[in-house]
Number of protein chains: 2
Amino acid sequence: MKWPEGHGELRATRPPGQVIMNPLDATRGMMDGLGTEANVCVKCGSRSIGLCAPLDVAALDDMSGESERLTVEPRDAIFHQGDPARYVYTLTEGMARLTRVLPDGRQSVIGFRFAGDLLGFTPGSEHAFGAEMLTRGTVCRLDRRRLEQLFRRYPVLERRFLDLCVKELAASQDHILALGRFNAEERVAAFLVSLAEAQERRGRPGPVFDLPATRADIGEFLGLTLETVSRAISAFRKRGWIRLHGHSGIELVDRESLIGLGSGEGSCAA
Amino acid sequence: MKWPEGHGELRATRPPGQVIMNPLDATRGMMDGLGTEANVCVKCGSRSIGLCAPLDVAALDDMSGESERLTVEPRDAIFHQGDPARYVYTLTEGMARLTRVLPDGRQSVIGFRFAGDLLGFTPGSEHAFGAEMLTRGTVCRLDRRRLEQLFRRYPVLERRFLDLCVKELAASQDHILALGRFNAEERVAAFLVSLAEAQERRGRPGPVFDLPATRADIGEFLGLTLETVSRAISAFRKRGWIRLHGHSGIELVDRESLIGLGSGEGSCAA
DNA sequence: CGAGAACTTGATATATGTCAAGAGGCGTGG
DNA sequence: CCACGCCTCTTGACATATATCAAGTTCTCG
């Protein structure tokens with residue numbers, strides 16, 4: 001699947017009012033949408049977790065009037081970097097990665113997104129990054145001009161975008177902190193904990209979590225090579241902190257140790 | 001100087017509609033406010049570049065009614081990480097750095113700010129990072145509750161915040177890309193070019209630019225040590241790409257080469 | 001059951017960090 | 001105005017975390 005549209009980006013992360021002392025929040029932010037709120041998006045059939053949360057039923061109905069639901073296969077793109085930003089997307093099922101490419105081909109994963117997260121919002125005219133599914137999934141897309149109309153009709157919606165955006169920004173700064181100051185094991189530990197938290201927030205009880213991202217994906221997200229990610233995971237396994245279940249199942253046995261490592265509480269710098 | 005207030009963060013970066021293929025934008029974003037627009041903020045005495053740009057004179061007058069102007073000495077904090085987020089600040093003169101601290105004391109500079117930039121906006125209750133001046137300067141502070149009132153009175157202001165925020169987010173993602181994928185010289189080159197561009201955008205013609213940030217500041221921003229930053233700068237100097245003028249003046253002699261290096265166009269990875 | 005993809009692990013290379021000494025600029029005070 | 005002292009920067013030698021290269025293994029899916 002491939003569409004020539006989409007763009008920018010926006011997402012929710014930390015409960016407002018919490019100080020960011022903890023880099024776990026970085027990754028946490030990077031992978032966490034507003035997965036807790038209710039309301040059913042009529043057309044999408046999904047919970048209106050991200051965008052529509054503050055809207056009433058009439059508004060939701062209004063909103064879903066022009067939205068379309070699409071199925072996406074693993075590794076397919078939802079939109080590409082540089083595409084005209086014509087639609088805004090809500091990821092309704094599955095997990096996606098956001099990627100940014102340099103002129104010379106170097107690539108970086110900017111973040112991961114889950115069911116309920118919003119993708120591709122930007123005031124610009126083109127998508128600043130691409131989005132690809134890691135699993136099979138579905139998205140609900142809404143024309144951007146329609147969204148602007150909805151902003152005018154439901155001002156609360158615009159405020160919601162602002163809040164989501166500020167939280168996303170805080171999450172990005174956490175990630176910057178992690179990339180600039182964490183060593184390999186700290187980054188991987190923070191990533192694993194935040195992945196687990198993101199899934200728990202979406203109602204997956206654990207103790208075994210999905211890990212649809214490959215070592216290469218994780219490495220591109222954390223600024224490491226896939227081998228270094230693999231070595232960190234092996235080290236955790238040997239310490240009894242985690243247990244692997246096949247290639248895409250992971251169990252956090254000693255979460256406290258992982259949190260300690262992934263929170264920047266010491267061990268490495270002072 | 002030290003106040004027990006302040007918080008979150010928000011800023012403008014790239015002209016809307018520009019695709020982010022270029023990591024220079026990262027740093028560019030990180031140091032660039034909306035320095036081009038007019039209007040004079042009555043109480044501040046300064047151009048209302050960041051926040052107030054879309055407001056008319058009456059609104060500006062209204063807005064400045066409760067704002068206060070303060071002078072800040074070099075290395076003094078405007079607000080600290082964790083402070084209650086009571087005010088929003090506009091930097092009216094000078095250059096500041098935004099810092100984030102980990103529990104174990106490791107620190108990271110998440111961005112630099114210049115005259116016209118907005119500091120400390122957040123929907124949360126505490127500042128997620130601290131802001132310190134690098135030079136002597138002045139800030140204009142506005143009570144946050146007052147800002148919320150202004151949002152209600154001038155809806156365009158809220159939209160402005162959203163746009164600023166999305167651009168800031170794009171800039172953060174550029175920085176993430178640079179931290180995750182650039183080597184030391186590429187990061188320093190991107191930083192220098194973006195610093196020059198930020199100053200040009202604010203009307204400083206060059207060719208000699210201020211560099212009030214120390215090697216340590218730059219290193220903390222780029223995820224490098226001060227020695228590595230120093231070596232990169234020395235290497236550029238030896239290649240004739242830059243010339244240093246005292247400890248805080250820098251001249252970009254061969255900007256094209258710096259841009260090439262700092263744009264992720266090759267040389268290192270492919 | 002077979003083949004490919006993803007992962008693991010080892011050996012080695014290298015970019016950057018660390019430690020240390022010295023030089024240069026800038027401000028202060030005589 | 002000069003001189004001293006501090007702070008920042010520079011440069012070198014060395015250490016090390018991570019990247020790179022290369023097999024081999026395990027899982028997954030057809």
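Letters A, B, ... are given to chains in the order of the sequence lines, protein chains preceding strands, and every chain is numbered from 1.
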Round to a whole Å and report the spacing from [atom1] of [X] to [atom2] of [N].
X: A:Asn183; N: D:dA19; atom1: CG; atom2: C1'; value: 15 Å
X: A:Leu244; N: C:dA6; atom1: CG; atom2: C1'; value: 12 Å
X: B:Arg181; N: D:dT18; atom1: CZ; atom2: C1'; value: 13 Å
X: A:His247; N: C:dC7; atom1: NE2; atom2: C1'; value: 5 Å
X: A:Leu211; N: D:dT28; atom1: CG; atom2: P; value: 12 Å
X: B:Ile242; N: D:dT10; atom1: CD1; atom2: C1'; value: 13 Å
X: A:Leu222; N: D:dA17; atom1: CG; atom2: C1'; value: 16 Å
X: A:Arg231; N: C:dA6; atom1: CZ; atom2: P; value: 19 Å

Within the structure, does a side-chain N or O atom of A:Lys238 lie under 4.0 Å from either OP1 or OP2 of C:dT9?
->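 Answer is yes, contact under 4.0 Å.
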
Is A:Thr228 near enough to D:dA19 that one of its side-chain N or O atoms lies under 4.0 angstrom from OP1 or OP2?
->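 It does, given that an N or O in the side chain of A:Thr228 lies less than 4.0 Å from OP1 or OP2 of D:dA19.
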
Applying a 4.0 Å non-hydrogen cut-off, can you work out what [X] is touching in the nucleic acid: base, sugar-phosphate, or nothing?
X: A:Gly249; value: nothing
X: A:Ile218; value: nothing
X: B:Ile233; value: nothing
X: B:Gly223; value: sugar-phosphate
X: A:Ser234; value: sugar-phosphate

Where each residue is assigned the nucleotide of DNA chain D containing its nearest heavy atom, which of A:Thr225 and A:His245 is assigned the position nearer the 5′ end?
->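 On the 5' side of the pair lies A:Thr225.
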
Want to settle it: does A:Leu224 or B:Ala216 sit nearer the 5' end of DNA chain D, counting the closest nucleotide to each?
->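 Per heavy-atom nearest nucleotide, the more 5' residue is B:Ala216.
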
Could you work out which one of [options] sits closest to the side chain of [X]?
X: B:Arg215; options: D:dC9, C:dT8, C:dT16; value: D:dC9
X: B:Ala184; options: D:dT18, D:dT11, C:dT16; value: C:dT16
X: B:Thr214; options: D:dT18, C:dA11, D:dC9; value: D:dC9

Please examine the side chains of A:Arg255 and A:Leu192, heavy atoms only from C-beta on, and report whether any two atoms are closer than 4.5 Å.
->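 The answer is no; the side chains never approach within 4.5 Å.
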
Between B:Arg136 and B:Glu93, is any pair of side-chain heavy atoms under 4.5 Å apart?
->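 Side-chain contact under 4.5 Å: no.
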
Going by modelled atom types, is there a donor-acceptor pair between the base of C:dT9 and the side chain of A:Arg237 at under 3.5 Å?
->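 Per atom types, no contact qualifies.
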
With a 3.5 Å cut-off and just heavy-atom distances, do the side chain of B:Glu227 and the base of D:dC9 make a donor-acceptor pair?
->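 Answer is no: no donor-acceptor pair is held.
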
May I ask you to say whether B:Arg75 pairs ionically with B:Asp217, meaning some side-chain N is under 4.0 Å from a carboxylate O?
->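 A salt bridge is present here (some side-chain N lies under 4.0 Å from a carboxylate O).
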
How about A:Arg243: does its CZ atom have over 12 heavy atoms from other parts shown lying under 6.0 Å from it?
->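 No.
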
Using the ring-ring contact (aromatic ring centres under 6.0 Å, His included) rule, collect all pairs that involve residues 223-251 of chain B, keeping only residues at least two apart or in two chains.
->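 Counting only pairs at least two positions apart or across chains, the ring-ring contact (aromatic ring centres under 6.0 Å, His included) contacts touching residues 223-251 of chain B are B:Phe236-B:Trp241.
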
Indicate yes or no for a side-chain donor-acceptor contact from B:Gln81 to the backbone of B:Val101 under 3.5 Å, with no hydrogens or angles considered.
->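 It does hold such a pair.
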
